[in-house]
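Given the structure is predicted, the values throughout are model-derived calculations rather than measurements. Start at 1 and go down the list; that is how both ligands and their atoms are numbered.
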Amino acid sequence: MFDEHPDGSNNSGNPSLSDLIEVRLGRRRLLQGAAAASLAGVLAPQLASGTAAASGASAAPATGGRKRSKLRFEEVPPSTDDTIVVPPGYVWDVIIPWGTPLFNHSPEFAEDASNTAADQELQVGFNHDGMHYFPDGGRHSRRGLLVLNHEYTDANQIYTAAGSAITPDEAGAEKVAKALAAHGVTVVEIRRGKDGAWSYKRGARRNRRVTGTTPMAFSGPVGADHPMMQSPVTPSPIGTLNNCAMGYTPWGTYLACEENWNGYFGTADPAWAATPAEARYGVSAIGFGYNWHIASPRFDVSVNRNELNHYGWVVEIDPQRPSSTPVKRTALGRIKHEGATVTEARGRAVVYTGDDENGDYFYKFVGERAWRRHLARGESPLDHGILYVAAFDGVDGGSWLPLVHGVGPLTVENGWVDQADVLLRTRQAADAVGATRLHRPEWVAVDEKTKDVYLTLTNGTGNDAPVNSDRDPNPYGHVIRLKEHRRDNTQLTFKWDVFVLAGDPAYDPAVPTDQPIFGSPDGIWVDSLRRVWIQTDISNSSQNRADRGYNNIGNNQMLVADPDTGEIKRFVTGPRGCEITGVIASPDMRALFINIQHPGESTSFWNTQFGAPTVANPTTVSTWPYGGRPRPATVVIRRADGGVIGL
Ligand code: FEO
Ligand code: CA
Ligand code: CA
Ligand code: CA
């Protein structure tokens with residue numbers, strides 16, 4: 001349900017990148033005629049397409065002095081099978097599925113979903129999402145911490161056949177508590193065995209769950225003592241929710257991001273109405289239909305309104321210190337943070353973050369000083385700096401506009417009280433300065449060699465828009481690339497281009513025919529070989545449907561591109577009803593970790609074939625991974641011969 005964003009909540013009238021891309025498309029068509037196929041442009045001439053370049057797990061010899069491909073595997077075809085498909089010569093293993101007991105005293109997973117909220121607090125959460133691996137030791141480390149987000153829960157899957165309705169009694173409160181316990185973050189020690197396979201260590205000292213009820217600290221301009229943070233049910237803030245993508249810092253911490261937090265709240269109070277600021281974040285009396293407010297006054301916006309202001313932040317977690325309190329870093333702004341991708345420039349931390357809603361914006365935070373200097377002063381590098389929002393110009397440039405109280409329109413005369421007010425209402429501040437609207441900005445990745453910044457724009461006005469070749473509405477999405485001035489990520493101007501257009505040329509002639517078909521890019525990561533991994537999250541209302549232009553594309557998938565050669569190939573396909581998200585490798589690139597989120601979720605195409613999943617029968621769409629109740633999980637992909645992934 002989180003990928004249905006038909007309208008968004010941005011009525012600012014600010015310019016939209018889709019219009020600018022239209023200008024670029026028109027210009028290129030004019031210049032290049034039929035070569036509009038290379039609209040992606042940056043994806044320069046393809047060295048070899050698809051399977052022509054394939055050589056399985058063994059490397060092909062270099063020829064003619066050309067660079068050897070960095071994608072030396074046999075591309076997998078689109079798939080509608082209820083399984084993981086990897087290239088020949090590769091193997092995959094499931095680790096830490098939802099419900100895995102993390103501690104020695106954790107209960108075992110109950111296949112009938114009868115684990116209680118208290119059980120779930122001690123088990124791996126649901127709907128694995130953004131993820132990072134913190135290795136112990138160096139490049140050949142065999143052990144480390146996997147840290148991953150749990151975005152949301154599916155009532156058909158986490159509750160027993162007795163029912164999922166939230167009732168205003170203890171049974172309803174227990175259901176809310178179980179969902180809260182399945183949200184948040186898992187920290188888990190994993191290790192590589194002698195056979196090369198990876199497994200988790202139950203009871204490891206650093207194993208931890210951060211959930212929807214873990215005590216939270218606030219830091220930066222918006223403190224927990226701010227008047228707008230005072231809420232009667234939660235006088236001390238607790239919990240993080242809807243943790244989608246993530247980031248990690250040079251000083252060894254993990255950043256969990258709060259995305260569609262608005263959907264958890266609601267009220268039955270007919271007198272309640274959203275303020276303009278609340279409406280700008282999509283807060284409504286019905287929320288996303290979870291009905292948690294029926295059993296929990298914490299989520300009733302009429303009773304506990306300021307609880308809303310506890311969400312929409314980036315949460316810093318020290319994975320090495322299981323008893324440390326997570327900290328919400330308010331200087332990074334309050335939006336629907338997809339992720340928070342950190343890079344270092346001039347010694348400073350620069351954090352890129354997309355606000356994933358149709359028509360919302362792309363932000364970056366630039367630290368005030370070198371991050372080491374902040375740490376030496378006993379400060380967080382994420383508490384001191386300036387938040388900017390991107391404005392794209394009509395050709396190929398753009399600039400970063402500061403969201404600073406007293407600067408530009410953000411003045412007292414215009415109703416902006418102070419910097420805390422600017423941050424609490426980040427979306428409206430960005431509206432005021434004239435930021436550029438985007439088609440759902442999701443993950444960001446930085447190429448650490450070139451300092452190029454990749455941003456996925458997953459799709460436009462929902463996948464229900466008519467399929468056509470313009471990019472508004474934009475059913476397939478695309479990846480754009482920013483080059484900051486002088487390759488310095490602290491600079492305030494940039495150039496941009498379209499890195500790759502997603503889609504199926506059978507429906508959209510603008511999509512190149514010499515690249516794999518895919519749609520709705522979401523996760524993106526640049527590995528140590530500078531290969532760009534792209535993961536897809538086609539909504540469950542569009543997957544496999546011809547009337548949405550998605551019947552050839554199959555289940556969600558992961559691709560990999562070489563930005564130097566333009567080569568792009570499909571590497572893995574997922575089971576039914578899932579999205580593929582979260583991507584990181586071991587430092588030696590011999591194990592690739594990905595997450596399979598929401599396998600078996602209600603998916604309109606499969607529902608028509610097999611019936612919609614229910615609490616009584618959650619397995620109609622998928623039985624992945626073990627042939628029974630579908631369970632989100634981490635998958636480790638390796639080469640059978642133990643070699644480097646992709647080479
Ligand atoms: Fe949770 Fe924007 O994907
Ligand atoms: Ca999703
Ligand atoms: Ca996502
Ligand atoms: Ca998504």
Side-chain angles (χ1 to χ4, degrees), residues 1-6 8-9 125-131 148-154 157 183-185 240-247 255-264 281-282 288 311-312 314-315 335-341 352-363 438-445 455-463 474-479 502 518-525 534-543 550 555-558 574-583 594-604 630 632:
M1 67 191 292
F2 290 107
D3 294 294
E4 306 303 320
H5 301 244
S9 53
F126 196 84
N127 267 353
H128 304 31
D129 205 323
M131 171 168 62
L148 59 149
N149 291 341
H150 302 288
E151 192 184 26
Y152 66 97
T153 50
D154 184 319
Q157 296 182 7
H183 279 68
V185 175
T240 183
L241 292 171
N242 215 260
N243 304 105
C244 193
M246 78 313 139
L255 304 177
C257 299
E258 297 179 332
E259 193 193 16
N260 288 297
W261 48 271
N262 58 311
Y264 299 101
Y281 288 106
F288 289 172
Y311 301 95
V314 172
V315 189
I335 56 174
K336 296 185 180 182
H337 286 281
E338 176 73 20
T341 300
Y352 292 95
T353 180
D355 185 355
D356 179 13
E357 190 162 316
N358 190 33
D360 262 289
Y361 306 131
F362 184 34
Y363 297 81
L438 301 169
H439 281 159
R440 298 190 53 200
E442 300 248 29
W443 287 50
V444 181
L455 169 66
T456 51
L457 299 176
T458 196
N459 53 53
T461 45
N463 299 136
N474 175 8
Y476 294 124
H478 42 250
V479 181
F518 69 104
S520 301
D522 187 343
I524 192 163
W525 176 60
I534 300 168
Q535 304 177 307
T536 71
D537 180 16
I538 307 160
S539 74
N540 293 336
S541 62
S542 295
Q543 274 178 50
Y550 269 101
N555 299 346
N556 276 305
Q557 56 187 270
M558 179 167 69
R576 294 174 182 164
C578 83
E579 72 172 90
I580 297 187
T581 182
V583 51
I594 63 170
N595 284 324
I596 301 302
Q597 190 186 111
H598 60 74
E601 196 170 59
S602 178
T603 305
S604 60

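His128 and His150 have perpendicular rings, their planes meeting at more than 60° on a 0 to 90° scale where under 30° would count as parallel.
Contact between Tyr352 and Phe362 at its shortest, heavy atoms only, is CD2-CZ, 3.6 Å.
Aromatic ring centroids of Tyr550 and Tyr476 lie under 6.0 Å apart.
Sorting the N, O or S atoms of Glu338 by how far they are from atom 2 (Fe) of ligand 1 puts OE1 first. In Glu442, the N, O or S atom that comes nearest to atom 2 (Fe) of ligand 1 is OE1. Distances from the Ca ion (ligand 4) to each N, O or S atom of Asp537 single out OD2 as the nearest. Taking the N/O/S atoms of Glu442 in turn, the shortest distance to the Ca ion (ligand 4) belongs to OE2. The closest approach of Asp356 to atom 2 (Fe) of ligand 1, by N/O/S atoms, is made by OD2.
Among the candidates Asn127, Leu148, Asn595, Ile596, the single residue satisfying the side-chain contact (heavy atoms from CB on, under 4.5 Å) test with Pro632 is Asn127.
Side-chain contact between His598 and Asp154: absent, with no pair of heavy atoms (C-beta onward) separated by less than 4.5 Å. Between Leu438 and Leu455 there is a side-chain heavy-atom pair separated by less than 4.5 Å. At least one side-chain heavy atom of Val479 sits under 4.5 Å from a side-chain heavy atom of Ile524.
For residue Asp522, an N/O/S atom approaches the Ca ion (ligand 4) to within less than 3.0 Å. At a cut-off of 3.0 Å, Glu338 is not counted among the residues with an N, O or S atom near the Ca ion (ligand 4). Taking backbone and side chain together, Glu259 holds an N, O or S atom under 2.8 Å from atom 1 (Fe) of ligand 1. Atom 1 (Fe) of ligand 1 has no N, O or S atom of Asp537 closer than 2.8 Å. Among the atoms of Asp356, no N, O or S atom falls under 3.0 Å of the Ca ion (ligand 4).
From Asn149, atom CG reaches atom CE of Met246 across 8.0 Å, with rounding to the nearest 0.5 Å.
Rounded to 10°, the angle formed at atom 1 (Fe) of ligand 1 by OE2 of Glu151 and SG of Cys244 is 90°.
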